[in-house]
Amino acid sequence: MNMKEFDTFIERKGTDSVKWNALKTIYGTDDLLPMWVADMDFASPPEITEAIETRARHGVFGYGQASPDVFQAVKNWVHKRYQWDLEENWLLPSPGVVTALGFAIQALTAEGDKILIQTPVYHPFYHMIENNHRIVVKNPLLLHNGKYEIDFADFEAKLKSGVKLFILCNPHNPVGRVWRREELEKLGDLCHKYSAKIVSDEIHADIIYKPNQHIPIASLSSNLQELTITCIAPSKTFNIPGLQASLMIIPNAELRKKVQTVQGKISFHGLNIFGRVALEAAYKHGEAWLENLLTYLQDNRDYALQFIEQEIPSVKAISPEGTYLLWIDCRSLGLSDNDLKKLLVEKGKLALEPGGKYGVEGEGFVRMNIGCPRSLLEDGLGRLKKALS
């Protein structure tokens with residue numbers, strides 16, 4: 001795939017797309033430009049499509065299992081991208097990272113236990129904790145000079161209160177931070193000190209803008225490796241979330257056995273055939289496509305930041321270090337989330353994610369998905385300007 005192919009508009013209406021077909025249900029009307037759900041409007045790498053087509057032509061879709069080639073592809077990818085050497089038996093499959101969070105919460109905590117998150121954060125974090133009858137404990141991030149930082153004093157105080165599990169989001173959704181080595185080491189050291197396990201959601205790990213670098217927290221030391229479950233997936237990277245294929249990296253044998261026990265209780269045995277095929281093809285053959293994607297996304301990010309600064313100075317966009325999500329601070333407008341949403345929908349004909357969805361710390365913000373052809377991004381930014389003018 002060459003760079004120009006990312007400019008191609010692909011009609012997604014009528015393809016069971018949540019992003020494009022659920023607008024009326026979520027926003028009350030379907031005449032909006034959807035820039036809300038975190039999937040991209042690009043075709044996946046052709047090698048993935050070809051691998052699925054080849055497997056489909058075989059015509060027999062009986063029970064299957066992952067071949068050693070699948071695990072080797074994952075190991076090679078993680079080694080090359082993050083300089084972390086995995087062992088095959090550390091890898092457990094999951095239909096998705098949110099499901100993996102559920103497995104980990106059930107395996108590592110009991111009802112009534114405290115689980116720590118850094119807000120504003122991806123809303124399923126709240127849901128998985130609450131739906132499993134655990135207690136949400138928040139370590140709010142601090143916004144200083146257009147960049148989010150960790151309040152380490154508060155983090156330690158919350159750990160002291162008896163937190164059993166910390167769910168890390170790296171890169172962070174929705175604020176776009178890629179946590180630095182020294183930040184991760186400090187988080188990890190505190191979790192080790194207070195005997196809190198870590199589940200690290202690293203689903204956006206491959207979407208990193210230079211000069212930032214993704215570092216898996218578990219790769220930093222043997223102590224962190226032993227207390228961490230790392231969740232990865234090709235879904236965001238290669239735009240294949242609908243194929244439901246992700247992995248949990250669990251070096252600690254005791255933790256791994258606990259997760260396997262939870263998986264056994266619901267009789268989860270592995271990924272579906274096409275999920276496995278796509279995962280292997282992505283990690284074996286998708287790197288060149290990804291490098292082109294990152295260039296395109298970085299250009300989109302820079303274009304959006306400049307447009308907002310020049311054309312909509314009443315709001316401030318937080319420059320993301322990773323992800324294809326733009327977190328926009330609209331608090332100066334003095335509007336409630338509902339009033340802001342109404343303006344965007346009725347005046348701008350634009351569907352964005354309301355910031356309050358990510359916790360009270362996100363109120364007054366919106367999240368915009370910039371993983372789309374430049375023509376759609378220009379349209380969306382124009383609608384944003386119209387809505388807020």
Side-chain angles (χ1 to χ4, degrees), residues 6 19 27 32-42 119-123 141 143-149 169-179 203-210 212 214 236-237 239 293-333 335 337 340-341 343-345 348-359 361-389:
F6 290 108
K19 185 178 185 179
Y27 293 90
L32 310 177
L33 178 65
M35 303 183 78
W36 60 300
V37 173
D39 66 16
M40 297 185 287
D41 291 308
F42 305 126
T119 55
V121 76
Y122 185 47
H123 50 91
L141 299 173
L143 182 56
H144 286 154
N145 299 319
K147 185 174 181 178
Y148 279 90
E149 299 174 357
C169 194
N170 184 31
H172 192 283
N173 174 11
V175 310
R177 273 301 313 276
V178 175
W179 303 115
I203 194 170
H204 289 100
D206 299 315
I207 310 296
I208 306 291
Y209 303 119
K210 295 176 181 178
N212 303 289
H214 176 74
K236 302 297 182 185
T237 309
N239 206 32
L293 171 71
L294 290 174
T295 299
Y296 194 92
L297 287 177
Q298 188 153 349
D299 287 345
N300 268 5
R301 180 199 66 171
D302 295 345
Y303 176 83
L305 291 172
Q306 183 178 31
F307 182 96
I308 290 171
E309 182 179 11
Q310 294 178 352
E311 301 293 332
I312 324 174
S314 58
V315 303
K316 304 293 181 185
I318 308 300
S319 180
E321 299 170 340
T323 81
Y324 47 80
L325 306 167
L326 193 62
W327 189 236
I328 305 171
D329 185 352
C330 304
R331 291 175 297 174
S332 63
L333 301 176
L335 300 171
D337 273 12
L340 183 56
K341 179 180 177 181
L343 265 184
L344 292 169
V345 169
K349 296 298 179 182
L350 179 64
L352 302 182
E353 286 272 52
K357 195 172 183 177
Y358 304 89
E361 298 83 3
E363 291 178 357
F365 291 76
V366 291
R367 193 191 75 171
M368 172 181 274
N369 179 349
I370 61 171
C372 59
R374 177 60 64 84
S375 59
L376 287 186
L377 178 60
E378 291 173 353
D379 186 7
L381 290 169
R383 292 171 187 239
L384 181 65
K385 179 180 178 180
K386 181 180 180 181
L388 302 183
S389 296

Inset, instruction - First locate atom CG of L377, then atom CE of M368, and finally report the distance between them rounded to the nearest 0.5 Å. - result: 7.0 Å
Inset, instruction - Might you point out which heavy atoms bring V175 and I318 nearest each other, and give the distance in Å? - result: O-CG2, 4.0 Å
Legend entry - Residue from Y324, Y209, F42, Y303 passing ring-ring contact (aromatic ring centres under 6.0 Å, His included) with Y296: F42
Legend entry - Nearest-0.5 Å distance that lies between atom OG1 in T323 and atom CG in L297: 9.5 Å
Inset, instruction - Could you tell me whether the side chain of D41 and the main chain of P373 form a donor-acceptor pair under 3.5 Å? - result: no
Legend entry - CA sep, side-chain torsions, deciding dist, call: V315, V366, side-chain contact (heavy atoms from CB on, under 4.5 Å): CA-CA 10 Å; V315 303; V366 291; over 6 Å; no
Inset, instruction - For residues V37 and N369, determine if any side-chain heavy atom of one lies less than 4.5 Å from a side-chain heavy atom of the other. - result: no
Legend entry - Close side-chain approach of L350 and M35, heavy atoms under 4.5 Å: yes
Inset, instruction - Take L352 and L384 through the test side-chain contact (heavy atoms from CB on, under 4.5 Å) and record every step on the way to the result. - result: CA-CA 9 Å; L352 302 182; L384 181 65; 4.1 Å; yes
Inset, instruction - Can you run down the side-chain hydrogen bond (donor to acceptor under 3.5 Å, both in side chains) pairs that involve residues 374-383, sequence neighbours left out, and say none if there aren't any? - result: N300-R374, D379-R383
Legend entry - Neighbour count above 12 (heavy atom, 6.0 Å) for K386 NZ: no
Inset, instruction - Say whether W36 and Y27, considering side chains only, have a donor N or O and an acceptor N or O under 3.5 Å apart. - result: no
Legend entry - Pairs touching residues 299-315 that satisfy salt bridge (charged side-chain N to carboxylate O under 4.0 Å, His left out), sequence neighbours left out: E311-K385
Inset, instruction - To the nearest 0.5 angstrom, please state how far the SG atom of C169 sits from the CG atom of L141. - result: 9.5 Å
Inset, instruction - Step by step, work out the side-chain contact (heavy atoms from CB on, under 4.5 Å) result for H204 and L325. - result: CA-CA 10 Å; H204 289 100; L325 306 167; 4.2 Å; yes
Legend entry - Shortest non-hydrogen separation from D337 to G356 and the atoms involved: OD2-N, 2.7 Å
Legend entry - Heavy-atom side-chain proximity of N173 to I203 below 4.5 angstrom: no
Inset, instruction - Could you tell me whether K316 atom NZ has more than 12 heavy atoms of other residues or ligands within 6.0 Å of it? - result: no
Inset, instruction - Return yes if some donor-acceptor pair links the side-chain N/O of K236 with the main-chain N/O of A38 below 3.5 Å, else return no. - result: yes
Inset, instruction - Could you pull out the closest heavy-atom pair between A205 and I208, with the gap in Å? - result: O-CG1, 3.0 Å
Inset, instruction - Would you mind listing every salt bridge (charged side-chain N to carboxylate O under 4.0 Å, His left out) that reaches into residues 319-330, with sequence neighbours excluded? - result: K147-E321, R177-E321, R180-E321, D329-R331
Inset, instruction - Kindly say whether W179 contributes a backbone atom to a donor-acceptor pair with the side chain of N170 at under 3.5 angstrom? - result: yes
Legend entry - Between NZ on residue K341 and NZ on residue K357, distance to nearest 0.5 Å: 8.5 Å
Legend entry - CG-CG distance between L343 and L335, expressed to the nearest 0.5 angstrom: 6.0 Å
Legend entry - Value rounded to 0.5 Å, distance of CD1 in I312 from CG in L381: 6.5 Å
Inset, instruction - Taking all non-hydrogen atoms of both residues into account, name the closest pair between P174 and P120 and its distance. - result: CD-O, 3.4 Å
Inset, instruction - Over 60° means perpendicular and under 30° means parallel, so classify the ring planes of Y148 and F365, tilted if in between. - result: tilted
Inset, instruction - Spell out, as yes or no, whether a donor-acceptor pair under 3.5 Å connects the side chain of S332 to the backbone of S314. - result: yes
Inset, instruction - Decide yes or no for D206 and L294: does some side-chain heavy atom of the first lie under 4.5 Å from some side-chain heavy atom of the second? - result: no
